[in-house]
Structure formats: structure tokens, C-alpha cells
Amino acid sequence: MHRTLQPTGWPRPRGYTNGISARGRQIHVAGQIGWNAQQQIVSDDFVEQAKQAMRNIVTVLACDGASPEHLVRLTWYVTDRNRYLASGAALGEAYREIFGRNYPAMSAVQVCALMEADAVVEIEATAIVPDNDDGLA
């Protein structure tokens, strides 16, 4: 489905992949934040907002027959690097609960603010559904 790109001699990263090669139908998911379908922030807790953002990504992917196994790229925007790092264990558990053990290429960037004032994390996603797995019903 996807090929993980791991340069010889580099240590294997934890929780992400250095690169992925894939072919198929691309799905680009806009930045998702920790709000529900009524556009209400679910909590002021970093992990709870991240969980909701991840659930939102899964919901958008499902609109085109895709799932977390098709993710090839995630970009995380966080308003507080220290809060993100301090949440590592709980965030990893939430990630595996929602996305499974699919580790795409990832970046995390600290930003001074997000467009929604109460949001503390926003996640963009790219997925590729292989040509032989159109995922459409």
C-alpha cells in the first residue's frame, strides 16, 4: 500500500515515519481542531482537543471511503510546545486509539495562535488511497 522510507544508518523514529512513498487517490484534509460537529470546543485540555481533531480527520476521510491506514502526512500546529511535549504519553495513547499503529510522515509546529481563539491544536492530514483500493461503496 505505502512504502516507508527509512534511510540506512538513521535511527528509526518513534511515533512517525521519515518518509512515505505511495500511489493512488489523494485526500487532503483541512486543519481540524478540537471542536465537535456543532463547532463547539470540546475541552480546554490539550489531549482532549487533539483527540477530537483526530476524530474529525477520521470522519472527513470516511466521506471518501478512506481510513487512518491511508494517512501519509500529518502536520500538527500547537500553541504551546511545552504542553504538547508534556502530553506525550497520553497523546500517544489517544493517537493509537484513534489512528491505530499507522505512523505517517509528521511535523509539529508551534504557532502563536490559531484562528479559533480557544483552540490549542490543529492537525492537517493527507491520505492516499491505493489505486487498487478505491474505497467507494
Side-chain angles (χ1 to χ4, degrees):
M1 178 186 321
H2 301 119
R3 188 174 80 183
T4 299
L5 306 177
Q6 176 62 32
T8 303
W10 285 24
R12 187 164 300 281
R14 289 181 42 136
Y16 68 95
T17 297
N18 285 308
I20 291 181
S21 174
R23 185 177 301 171
R25 186 177 79 253
Q26 296 182 32
I27 301 170
H28 299 269
V29 180
Q32 298 296 308
I33 62 173
W35 65 13
N36 59 25
Q38 293 74 42
Q39 296 185 333
Q40 301 164 326
I41 297 289
V42 297
S43 170
D44 62 355
D45 179 72
F46 181 86
V47 174
E48 289 304 313
Q49 283 197 28
K51 285 169 73 171
Q52 185 63 47
M54 288 186 276
R55 286 187 200 108
N56 293 345
I57 290 168
V58 170
T59 300
V60 173
L61 291 174
C63 291
D64 197 20
S67 63
E69 71 188 36
H70 299 115
L71 289 169
V72 296
R73 178 102 181 125
L74 293 174
T75 303
W76 294 62
Y77 300 95
V78 300
T79 58
D80 186 335
R81 173 186 179 273
N82 293 331
R83 198 169 174 191
Y84 170 80
L85 293 173
S87 301
L91 196 55
E93 183 178 323
Y95 181 98
R96 289 184 299 278
E97 171 191 322
I98 297 164
F99 287 157
R101 294 193 176 275
N102 305 296
Y103 301 110
M106 269 191 248
S107 297
V109 181
Q110 179 175 295
V111 296
C112 64
L114 295 166
M115 296 309 289
E116 182 62 34
D118 294 328
V120 296
V121 59
E122 182 169 333
I123 309 169
E124 290 179 336
T126 303
I128 297 181
V129 179
D131 292 328
N132 62 353
D133 177 15
D134 67 16
L136 301 174

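Every value quoted in this text rests on a predicted model; they were computed, and no experiment measured them.
The shortest non-hydrogen separation linking P104 to I20 is CA-CD1, 3.5 Å. Here the closest heavy-atom approach between residue A50 and residue L91 is recorded as CB-CD1, 3.6 Å. The heavy-atom pair separating E116 from W35 by the smallest distance is OE1-CZ3, 3.4 Å. A pairwise comparison of heavy atoms in I128 and A22 identifies CD1-CB, 3.9 Å as the closest pair. Scanning all heavy atoms of the two residues, the minimum distance from Q49 to I41 falls at NE2-CG2, 3.5 Å. Pairing each heavy atom of V47 with each of A90, the nearest pair is CG2-CB, 4.0 Å.
The main-chain N or O of D64 is found under 3.5 Å from a side-chain atom of R25 such that the two form a donor-acceptor pair. A side-chain donor-acceptor contact under 3.5 Å links Q32 to the backbone of A30. Remark: the backbone N or O of Q38 is paired with a side-chain donor or acceptor of N36 at under 3.5 angstrom. Remark: side-chain polar atoms of N56 are paired, donor with acceptor, to backbone N or O of I33 under 3.5 angstrom.
Here the CD1-CZ distance, from I98 to R55, works out to 4.5 Å after rounding to the nearest 0.5 Å. How far CG of L71 is from OG1 of T17: 11.0 Å, rounded to the nearest 0.5 Å. We find the CG-CD distance between D45 and Q52 to be 12.5 Å, quoted to the nearest 0.5 Å. Between the CE atom in M106 and the OG1 atom in T75 there is a gap of 10.0 Å [rounded to 0.5 Å]. The CZ atom of R101 lies 11.0 Å from the OH atom of Y95; values are rounded to the nearest 0.5 Å.
Using a 4.5 Å cut-off on side-chain heavy atoms (C-beta onward), Y77 and E124 make contact. In this structure the side chain of V78 reaches within 4.5 angstrom of the side chain of F46, judged on heavy atoms. At least one side-chain heavy atom of M54 sits under 4.5 Å from a side-chain heavy atom of I123. Contact check for R73 versus Y16: no side-chain heavy atoms found under the 4.5 Å cut-off. Proximity of V111 to E122: side-chain heavy atoms (C-beta onward) are nowhere separated by under 4.5 Å.
No continuous path of ILVMFWY side-chain contacts below 4.5 Å connects L5 to V72, so the two sit in separate hydrophobic clusters. Clustering ILVMFWY residues whenever any of their side-chain heavy atoms sit less than 4.5 angstrom apart, transitively, puts V42 in a cluster other than the one holding V120.
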Q. Could you walk me through whether I57 and F99 pass the side chain to side chain contact (heavy atoms under 4.5 Å, CB included) check?
A. CA-CA 10 Å; I57 290 168; F99 287 157; 4.2 Å; yes
Exercise. Just do the side chain to side chain contact (heavy atoms under 4.5 Å, CB included) check on N18 and Q6 with the steps written out, would you?
Key: CA-CA 6 Å; N18 285 308; Q6 176 62 32; 3.2 Å; yes
Inset, instruction - Begin from the C-alpha positions of V121 and Y84 and carry the test side chain to side chain contact (heavy atoms under 4.5 Å, CB included) through to its verdict. - result: CA-CA 9 Å; V121 59; Y84 170 80; over 6 Å; no
Start with the C-alpha distance between V129 and I27, add both sets of side-chain angles, then the distance that settles side chain to side chain contact (heavy atoms under 4.5 Å, CB included), and finish with yes or no.
-> CA-CA 8 Å; V129 179; I27 301 170; 3.9 Å; yes
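Using cut-offs of 30° and 60° for the angle between ring planes, the H70 and H2 rings count as perpendicular.
Heavy atoms of other residues, nucleotides or ligands lying less than 6.0 angstrom from CD of E93 number 12 at most.
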